[in-house]
Amino acid sequence: MSKIVSIDFFSSDALELSKKLLGKIIARKINGKILRFRIVEVEAYLGLNDEACHSHKKNRQRSKSLPMYNRGGFSYVYLIYGIYHCFNVVAAPKGDPQSVLIRAVEPLDKEFELKTNGPGNLCKALGININLNNVDMIKSEEIWIENSDTADEDVIISSKRVNVGNSEDSHKFLRFYIYSNKFVSKIDKKREKYFLSNII
DNA sequence: CCTGCGATCGTCT
DNA sequence: GACGATCGCAGGA
């Protein structure tokens, strides 16, 4: 397992980065111990022209979405419904406010027992809160992304994003998850679409 | 100051 | 499928 420190890797747009992040590892230092989690479900948020995105032109969340304007590789964490947090990996070069929402991860440490299905649950389980907002994950020693040391051959499903309202953009298939992985937050057999297979 | 609301989740019907 | 918990922020008065 090797930490991803390439700015290039994170400079892809959110759509590309979301596919690249599936199967990668989130490493998180908790109580001095490094735990690892495999990313199994993500959503792409495409920035200024994506009506479902916090950084969309007409959105009113300016200050909240400022971390998205950093170059790829930073974190974007925010409080939702006053209770949960959501964790994003910022994508694209500086000034282009795109990000990838991490919606579910699979714990790689057998003894880990907290729920990690869904963006709120995984943030709670990994101790991700507003203190981890706007950190450079290329440099951080608290949270970072790693390559997997095993070649995964997963079938990837795409679907509509969850709970993003009814805009034109909400109908786009910008959610991606690993087929039949039991940590995926929820599935809709009727609407899900086969996307591609044998991703490394 | 006051109001409305959200990239959620567990529980209940 | 519907609902409430709970809170920071933007917008309006």
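Bear in mind the structure is a predicted one, so any value in this text is a computation, not a measurement. Below, read A as the first sequence line, B as the second, and so on, with proteins coming before strands; counting in each chain starts at 1.
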Sequence neighbours excluded - salt bridge (Lys or Arg N to Asp or Glu O under 4.0 Å) pairs with any residue from residues 80-100 of chain A: none
Contact residues, residues 113-124 of chain A to DNA chain B [heavy atom, < 4.0 Å]: A:Lys115, A:Asn117, A:Gly118, A:Pro119, A:Gly120, A:Asn121
Distance check needed: [N] [atom2] versus [X] [atom1], whole Å only.
X        : N      : atom1 : atom2 : answer
A:His54  : C:dA10 : NE2   : C1'   : 13 Å
A:Ile128 : B:dA7  : CD1   : P     : 18 Å
A:Ile102 : B:dT8  : CD1   : P     : 14 Å

For [X], enumerate each residue passing the side chain to side chain donor-acceptor pair (under 3.5 Å) test, keeping only those at least two apart in sequence or located in another chain.
X        : result
A:Arg71  : A:Asp136
A:Ser12  : A:Lys20
A:Asp109 : none

Output all residues satisfying side chain to side chain contact (heavy atoms under 4.5 Å, CB included) with [X], sequence neighbours left out; order by chain, then residue number.
X        : answer
A:Ala104 : A:Val40, A:Glu41
A:Pro97  : A:Leu48, A:Ser55, A:Met68, A:Tyr69
A:Asn133 : A:Pro67, A:Tyr76, A:Val77, A:Ile130

Any residue meeting ring-ring contact (aromatic ring centres under 6.0 Å, His included) with A:Phe37, in chain and number order, not counting sequence neighbours: A:Phe112
Between [M] and [N] - [atom1] atom distance, rounded Å:
N      : M      : atom1 : result
C:dA5  : B:dT13 : P     : 16 Å
C:dA13 : B:dC5  : P     : 15 Å
C:dC9  : B:dC9  : C1'   : 22 Å

Contacting residues from residues 81-98 of chain A, given that a heavy atom lies under 4.0 angstrom of DNA chain C: A:Tyr81, A:Gly82, A:Ile83
Phosphate-side-chain proximity, A:Arg175 and B:dA7, N/O vs OP1/OP2 below 4.0 Å: no
side-chain N/O A:Ser63 vs C:dA10 OP1/OP2, d < 4.0 Å: yes
Stems where DNA chain C pairs, listed by first number, each of three or more Watson-Crick or G-U pairs under 3.5 Å: B:1-6 with C:7-12, B:8-12 with C:1-5
Over 12 non-hydrogen atoms of neighbours within 6.0 angstrom of CG in A:Asp149: yes
Contact list for residues 81-90 of chain A, test side-chain hydrogen bond (donor to acceptor under 3.5 Å, both in side chains), sequence neighbours left out: A:Asn88-A:Ser99
